[in-house]
*Asks:* 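Dropping a structure here in structure tokens format, bear with me for questions.
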Amino acid sequence: MSIPWRSEPQCPRVGALPALSSVPSSPEMLRGKRVIVTGASSGIGEQVAYHLARMEAHLLLTARTEAKLQKVVERCLELGAASARYVSGSMEDTTFPAVVVREKLLCLDMLILNHIGYSYFNYFNGDVGQVRKLLETNFLSYVAMTVSALPMLKESEGSIVVVSSVAGKIGSPFAASYSATKFALEGFFSSLRHEFIIDKVNVSITLCILGYINTGKLSIAGASCSQTEPSHHPPCGPGVLSTPLCHCATGTPTLSKAWPGTSDSAVLAVNPGEVGIPSYGHSGGGKEWEGYHCNCYSFELF
Ligand SMILES: NC(=O)C1=CN([C@@H]2O[C@H](COP(=O)(O)OP(=O)(O)OC[C@H]3O[C@@H](n4cnc5c(N)ncnc54)[C@H](OP(=O)(O)O)[C@@H]3O)[C@@H](O)[C@H]2O)C=CC1
Ligand SMILES: CC(C)CCC[C@@H](C)[C@H]1CC[C@H]2[C@@H]3C(=O)C=C4C[C@@H](O)CC[C@]4(C)[C@H]3CC[C@]12C
């Protein structure tokens, strides 16, 4: 299996990624593209990696658990990845983002930032240290990865995909620290996108606003959800999600629509579910959420 990143003296141009919403996406669009997926050892990141593998991309996967990454890499190769390898390490380690990007590659077309550190979902317990740690993992490492990757992404006119959450758009109980990290992503990357436009930097930034996707990890203490399972109509899970997520990174916001109150097509809500979100939220331009389809639920306090 050829290693596409370091073996070539100069990065071959494999074609710029098309602007969002301009071209229908197809499996060919990512063939031969060099993509980093963070948090790829499980959940949504793992499924996105498999999807990219089927599209014959070159993959560099990261997470902490080497044994899991090894298995994911093997599966990606079986599924048709042009190449696949991993770097294990923790995004709590402030030196890790530069290690991943600068020491492991010369060329990059797409950076998919997806990992999250452990969060407890309960009343905020006053632990500032925990908030600081989560900001490091869920937010600052995204910034650091972006800074390290930007020279290569400018060269390839590539894309940055930031996986965020409904919790980064609206506050809900029991998610204060996690929510803060996702709001931070929104502020930083939306602002950066404007700067790229002003500076004519041809690197797209896509924020994916996800509702609840069942990866088997949810346990929320202190609250009961009005629905404890995600919608089964249509079936919903990380595998279902990976298709629209990859599409939104490459062209067509399938199964998605612009977030209410935004006109920027790069800000997408990607939700395969059809459960209506309660219509009390407001966003950006002050439009109501009413009619907005999202696979998530209202909380009820005990
Ligand atoms: N699932 C859902 O309902 C929703 C998810 N999202 C977003 O989707 C993305 C993926 O979520 P999901 O798949 O559920 O998450 P998972 O918990 O399933 O996966 C998290 C990934 O991040 C890795 N990871 C955890 N801690 C660290 C660390 N310190 N350094 C580096 N990597 C780490 C994990 O691997 P390892 O433990 O091996 O390091 C794993 O690969 C997240 O950004 C999340 O906010 C948004 C809305 C809803
Ligand atoms: C308007 C509000 C009532 C909406 C509330 C929506 C709530 C229920 C939704 C919005 C974002 C969702 C969480 C999320 O973003 C990421 C993860 C990580 C994953 O590993 C386990 C699931 C978890 C905790 C989701 C749980 C459900 C959350 C809090």
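Hydrogens, waters and symmetry mates are skipped; everything else that's a heavy atom, side chains included, is used. Counting starts at 1 for both ligands and their atoms, following the listed order. Predicted model only: the values in this text are computed from it and were never measured.
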*Asks:* Testing the 3.5 Å rule here: is there a donor-acceptor pair between the side chains of Gln130 and Tyr120?
*Replies:*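 Distance-only check fails for Gln130 and Tyr120.
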*Asks:* Hey, which atoms in ligand 1 end up nearer than 4.0 Å to a heavy atom of Gly43?
*Replies:*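 Counting atoms of ligand 1 from 1, those under 4.0 Å from Gly43 are 13 (O), 18 (O).
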*Asks:* Answer with side chain, backbone, both or neither: which part of Ala167 has a heavy atom less than 4.0 angstrom from an atom of ligand 1?
*Replies:* neither
*Asks:* Looking only at heavy atoms, which two atoms of Gly211 and Val166 are closest? And how far apart?
*Replies:* CA-CG2, 3.7 Å
*Asks:* If hydrogens are left out, which of Asn138, Val48, Ile44 has an atom nearest to atom 13 (O) of ligand 1, that is, the closest non-hydrogen atom?
*Replies:*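 The option holding the nearest heavy atom is Ile44.
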*Asks:* Only one of Arg31, Arg34, Lys33 clears salt bridge (charged side-chain N to carboxylate O under 4.0 Å, His left out) with Glu56; which?
*Replies:* Arg31
*Asks:* Should Thr137 be counted as touching ligand 1, given the test is an N or O pair under 3.5 Å?
*Replies:* no
*Asks:* Within ligand 1, which atoms have a heavy atom of Tyr212 less than 4.0 Å away?
*Replies:* 3 (O)
*Asks:* Looking only at distances, please establish whether an N/O atom of ligand 1 is found under 3.5 Å from an N/O atom of Thr65.
*Replies:*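 Yes; the residue has a nitrogen or oxygen that sits under 3.5 Å from a nitrogen or oxygen of the ligand.
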*Asks:* Give the atom numbers and elements of ligand 2 that come within less than 4.0 Å of a heavy atom of Ser165.
*Replies:*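 In order of numbering, the contacting atoms are 11 (C), 14 (C), 15 (O).
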*Asks:* Side chains of Thr62 and Thr38: donor-acceptor distance under 3.5 Å anywhere?
*Replies:* no
*Asks:* How far apart are the closest heavy atoms of Val35 and Leu52, and which atoms are they?
*Replies:* CG1-CD1, 3.8 Å
*Asks:* Please determine if Leu210 has a nitrogen or oxygen closer than 3.5 Å to a nitrogen or oxygen of ligand 1.
*Replies:* no
*Asks:* Tell me, please: is Cys208 in heavy-atom contact with ligand 1, that is, under 4.0 Å?
*Replies:*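 Contact absent.
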*Asks:* Backbone or side chain, does any N or O of Lys182 fall under 3.5 Å from an N or O of ligand 1?
*Replies:* yes
*Asks:* Does Ala40 approach ligand 1 within less than 4.0 angstrom via side chain, backbone, both or neither, non-hydrogen atoms only?
*Replies:*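 The backbone, only.
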*Asks:* With a cut-off of 4.0 Å, which atoms of ligand 1 are near a heavy atom of Tyr178?
*Replies:*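 Ligand 1 atoms under the 4.0 Å threshold to Tyr178: 6 (N), 44 (C), 45 (O), 46 (C).
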*Asks:* His115 heavy atoms, cut-off 4.0 Å: which ligand 1 atoms fall inside?
*Replies:* 22 (O), 32 (N)
*Asks:* Kindly give the heavy-atom pair with the smallest separation between Val72 and Ala49, and that separation in Å.
*Replies:*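 Residues Val72 and Ala49, closest heavy atoms: CG1-CB, 4.3 Å.
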*Asks:* Check whether any side-chain heavy atom of Ile36 sits under 4.5 Å from a side-chain heavy atom of Ile112, and report yes or no.
*Replies:* no
*Asks:* Using distance alone, decide if ligand 1 has a nitrogen or oxygen within less than 3.5 Å of any nitrogen or oxygen in Asn214.
*Replies:*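 Asn214 vs ligand 1: no N/O contact under 3.5 Å.
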*Asks:* For residues Val73 and Arg85, report the shortest heavy-atom separation together with the two atoms involved.
*Replies:*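 Shortest heavy-atom contact: CG2-C, 3.7 Å.
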*Asks:* Using a plain distance cutoff, I'd like to know if Ser41 has any nitrogen or oxygen under 3.5 Å from a nitrogen or oxygen of ligand 1.
*Replies:* yes
*Asks:* Identify which of Phe121, Tyr212, Tyr178, Tyr118 has a heavy atom lying nearest to atom 14 (C) of ligand 2.
*Replies:*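 Of the listed residues, Tyr178 has the closest heavy atom.
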*Asks:* What closest approach, in Å, do Ala84 and Leu77 show between heavy atoms, and which atom pair accounts for it?
*Replies:* N-CD2, 3.7 Å
*Asks:* Compare Ile209, Thr181, Ile116 and give the one whose heavy atom is closest to atom 15 (O) of ligand 1.
*Replies:* Ile116
*Asks:* When you measure from atom 42 (C) of ligand 1 to each heavy atom in Asn114, Val166, Val163, Val100, which option holds the nearest one?
*Replies:* Asn114
*Asks:* Compute the shortest N/O to N/O distance between Gly45 and ligand 1 and return yes if it is under 3.5 Å, no if not.
*Replies:*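 No, no N or O pair falls under 3.5 Å.
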*Asks:* Considering only NZ, NE, NH1 and NH2 on the basic side and carboxylate oxygens on the acidic side, decide whether Glu74 and Lys71 come within less than 4.0 Å.
*Replies:* no
*Asks:* For ligand 1 and Ser90, I'd like to know whether there is a polar contact (N/O to N/O, distance under 3.5 Å).
*Replies:* yes
*Asks:* Would you check whether Phe174 reaches within less than 4.0 Å of ligand 2, judged by its heavy atoms?
*Replies:* no
*Asks:* Grab the two heavy atoms, one from Cys76 and one from Tyr50, that are nearest each other, plus how far apart they are.
*Replies:* SG-CD2, 3.8 Å
*Asks:* If we count only N and O atoms by modelled type, under 3.5 Å, do the side chains of Ser41 and His115 hold a donor and an acceptor together?
*Replies:* no
